[in-house]
S.K.: 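Mind having a look at this structure? Questions to follow.
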Amino acid sequence: MYESNYLAGNLRASSQGRDQALFAKTQDGRTLSYGEFFKGAETYAAALMSKGVLPGDRVAVQVDKSIEVLQLYVGTIIAGGIFLPLNTAYTPAEIEYFLGDASPRVFVCSSKNKEALLPVAKKCGVAALETMDGDGSGSLPDLAATQMAGVKAVPRAKDDLAAILYTSGTTGRSKGAMLSHGNLWSNAATLRDYWHFTSEDRLIHALPIFHTHGLFVATNVTFAAGSALDFMAKFDADDVLKAMANATVLMGVPTFYVRLLKHEKLDKEHTKNMRLFVSGSAPLLSETHDLWKEKTGHAILERYGMTETNMNTSNPYDGERRAGTVGFPLPGVEVRIMDGETELPRGEIGSIEVRGPNVFQGYWQMPEKTKEELREDGFLITGDLGMIDDRGYVSIIGRSKDLIISGGYNVYPKEIELMIDDIDGVVESAVIGLPHPDFGEGVCAVIVKDPHADLSDKTIMDAISTDLAKYKQPKKVFFVDELPRNTMGKVQKKSLRDDYSDTFIAT
Ligand code: MLC
Ligand code: AMP
């Protein structure tokens, strides 16, 4: 029934014949078997088709986390559509850009946001606006409930698109990374094998499901192995610690581990059922790695990925998991360190480039951007700086792209600088990331104002907060007389980061 659809067929195959096996348990105690999950996904596929979704149509989704969202994801794939998840923190102004750029056939939002988003959807020519809430209710679930399961999957090949995930851009404009059926499945199968996932596993799923980490790494690997999910609405250290009694794996961003380490009950006893702790999306401090090992006896396995590539490298399952490194290139993935057009030898720092079946198809309707970052030989210029040591471990040393990663969310300074510079009385601004004990990096704005302007941090925040997602908003604003510049006139963000480095860290 699913065979002709590359991704859906593969996701389904691993649990074939095991329809009674547990797929997910939610926090309110609801359990869902694989059979029930896929039946529900088929009704979502039928609902989307009844709304006119044709192969290649985009289905944009900004809703609270629920199992039904995963059914909608798989249902979109079964219907031959392209799933386009959006961060729940995005404001209507931010959503307008995505809907305008991707022209989805269907947009699914929370019922609480419907009033604000209806005019936005109309303006962008979206044919159908549907609702879906965290408790599984809404107009789309209602429609799905009237549909029959058993719909035949729409044929889709390996190179057809399965998803578009927007990543913010250095110019301030977000870019839609196009991921194919083959991109997603190859990575899921590789990670299942590399991390020894089996049907005996139970993964604590506390990540959001609008990004690669929670949607593809955690969920697709679970499908690929026929494992089960402990499905949580959001990260809560208490809940996660409790779940460890029956679970085997946790995937998280470094903030998860930092917060769990603060929990008084974290010890070897509470983690004894667990076999694997995975960290990624942002750098894990060696200090966090070492403390975790000391308290739990487990070495966190750090891996490195990107929206454009899924996962690229991973520390080994067996063998030394080296703190401060992201391990080895995954099977089938090539990593090289470049200085311009020259490949550097081991031990030298340069630009990290990756190639493999995991690497995306390019940016949606941005051929020029795609050309800038995806080389003709298939290597993607990641924008990360790193090196490979003599044993083959890859380390990320920094970034050539001007990017802040806060609690695993990417924040591109340019987007915020453009908004701040638009405020009356602002001469110019620089947005930087400063060391933050909880989020890794905290967003800060350094602003030069007109000496006669009556501006305070409050007036700045008032001016940008309506249109900017909360996690992107500066947690601190500084006013200065001028920004430091080099001889070329370029703002020296490193010097600013040094000047304000203690802002969030008590000295
Ligand atoms: C929430 N806030 C954040 C924030 N998350 N601010 C900065 N950065 C963040 N990441 C804001 C809240 O709005 C709130 O504002 C205040 O900070 C404190 O919120 P909180 O209650 O402590 O936050 P919480 O809801 O617990 O969320 C923190 C978190 C969450 C770390 C659990 O951000 C999270 O789940 N992050 C994971 C992101 C992720 O999945 N990244 C993967 C990308 S994929 P106020 O003012 O209202 O108090 C990728 C590729 C790869 O990168 O390699 O994986
Ligand atoms: P995103 O665009 O959200 O997919 O973020 C991808 C970026 O996150 C990468 O280019 C890296 O800069 C960063 N990243 C992901 N994993 C790690 C890691 N383990 N260590 C350091 N940075 C990471």
Side-chain angles (χ1 to χ4, degrees), residues 60-64 84-102 107 109-110 112-117 119-121 123-124 165-176 208 210-211 234 253 255 281-282 307 401-434 436 438-449 453 455-479 483 491 493 496-497 500 503-504:
V61 177
Q62 189 198 27
V63 293
D64 289 333
L84 197 166
L86 294 162
N87 195 319
T88 45
Y90 290 148
T91 65
E94 289 168 313
I95 292 294
E96 183 171 336
Y97 170 77
F98 301 117
L99 298 187
D101 194 55
F107 174 42
C109 70
S110 307
K112 62 176 186 291
N113 296 334
K114 184 175 175 186
E115 205 181 310
L117 290 169
V120 177
K123 188 172 165 193
C124 298
L165 262 61
Y166 276 86
T167 79
S168 317
T170 40
T171 55
R173 272 191 78 201
S174 282
K175 302 168 288 183
F210 39 73
H211 281 311
K234 68 185 287 270
V253 294
T255 302
S281 308
T307 302
K401 53 192 172 191
D402 191 12
L403 163 70
I404 300 167
I405 306 184
S406 172
Y409 286 142
N410 285 9
V411 180
Y412 275 90
K414 193 77 196 165
E415 181 186 0
I416 304 158
E417 288 161 3
L418 288 172
M419 285 179 91
I420 294 176
D421 293 351
D422 250 5
I423 300 170
D424 271 351
V426 170
V427 176
E428 61 175 343
S429 63
V431 169
I432 50 174
L434 298 176
H436 191 288
D438 186 33
F439 292 126
E441 288 182 281
V443 178
C444 265
V446 187
I447 298 175
V448 180
K449 63 173 183 162
L455 287 180
S456 64
D457 44 2
K458 181 166 181 325
T459 46
I460 299 291
M461 294 310 295
D462 286 349
I464 61 173
S465 56
T466 319
D467 288 344
L468 196 65
K470 186 95 200 187
Y471 70 91
K472 298 180 194 167
Q473 294 176 16
K475 296 196 186 293
K476 192 90 191 162
V477 173
F478 295 103
F479 289 98
L483 295 175
V491 174
K493 289 200 169 176
L496 284 175
R497 282 195 292 268
Y500 295 104
T503 301
F504 299 117

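Note: hydrogens, waters and symmetry copies are ignored here, and every other heavy atom, side chains too, is used.
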S.K.: Set out, in order, the CA-CA distance, both residues' side-chain angles and the distance that settles side-chain contact (heavy atoms from CB on, under 4.5 Å) for Leu496 and Phe478, then state yes or no.
M.R.: CA-CA 11 Å; Leu496 284 175; Phe478 295 103; over 6 Å; no
S.K.: Can you see which heavy atom on Gly407 is nearest to which on Thr255, and at what distance?
M.R.: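 Minimum heavy-atom contact is CA-OG1, 3.4 Å.
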S.K.: Provide the closest heavy-atom pair for Tyr471 versus Asn410 in the form atom of the first, atom of the second, distance.
M.R.: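 That closest heavy-atom pairing would be CE1-O, 3.8 Å.
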S.K.: Any chance you could measure Leu403, atom CG, to Thr167, atom OG1, to the nearest 0.5 Å?
M.R.: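 Answer for the CG-OG1 pair, Leu403 versus Thr167, is 9.0 Å.
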S.K.: Donor-acceptor pair, distance only, cut-off 3.5 Å: does the side chain of Ser110 make one with the backbone of Lys112?
M.R.: no
S.K.: Got a donor-acceptor contact below 3.5 angstrom from the Gln473 side chain to the Leu468 backbone?
M.R.: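 Yes, Gln473 side chain to Leu468 backbone: donor-acceptor pair under 3.5 Å.
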S.K.: Would you give the length of the straight line joining atom NZ of Lys472 to atom CD1 of Ile416, rounded to the nearest 0.5 angstrom?
M.R.: 7.0 Å
S.K.: Using every non-hydrogen atom in the two residues, find where Leu117 and Cys109 come nearest and quote the distance to one decimal.
M.R.: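 For Leu117 and Cys109, the tightest heavy-atom pair comes out as CD1-CB, 3.7 Å.
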S.K.: Centroid-to-centroid, Phe98 to Tyr90, below 6.0 Å?
M.R.: yes
S.K.: Below 3.5 Å, can you tabulate the donor-acceptor pairs from side chains in residues 417-426 to any protein atom, sequence neighbours excluded?
M.R.:
unit_1: Glu417; atom_1: OE2; unit_2: Val431; atom_2: N; d: 2.8
unit_1: Glu417; atom_1: OE2; unit_2: Lys493; atom_2: NZ; d: 2.5
unit_1: Asp421; atom_1: OD1; unit_2: Ser429; atom_2: N; d: 3.1
unit_1: Asp421; atom_1: OD1; unit_2: Ser429; atom_2: OG; d: 2.7

S.K.: For Gly433 and Ile404, work out which heavy atoms get closest and say how close.
M.R.: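 Smallest heavy-atom distance, with atoms named: N-CD1, 3.4 Å.
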S.K.: Can you tell whether the side chains of Lys475 and Asp438 come within less than 4.0 Å, N to carboxylate O?
M.R.: no
S.K.: Work out which heavy atom in Asp101 is nearest to a heavy atom in Tyr166; give both atom names and the distance.
M.R.: OD2-OH, 2.6 Å
S.K.: Any donor-acceptor pair under 3.5 Å linking the side chain of Gln62 with the backbone of Pro85?
M.R.: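 Between the backbone of Pro85 and the side chain of Gln62 there is no qualifying donor-acceptor contact (under 3.5 Å).
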S.K.: Tell me which one of Thr88, Leu165, Leu86 satisfies side chain to side chain contact (heavy atoms under 4.5 Å, CB included) with Phe210.
M.R.: Thr88
S.K.: For residues Glu96 and Cys124, report the shortest heavy-atom separation together with the two atoms involved.
M.R.: O-SG, 3.7 Å
S.K.: If you look only at distance, which donor and acceptor atoms sit under 3.5 Å apart when one is on a side chain in residues 442-449 and the other is two or more places apart or in another chain?
M.R.:
unit_1: Lys449; atom_1: NZ; unit_2: Leu455; atom_2: O; d: 3.4

S.K.: Any donor-acceptor pair under 3.5 Å linking the side chain of Ser406 with the backbone of Tyr409?
M.R.: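 Here the side-chain-to-backbone pair does not exist.
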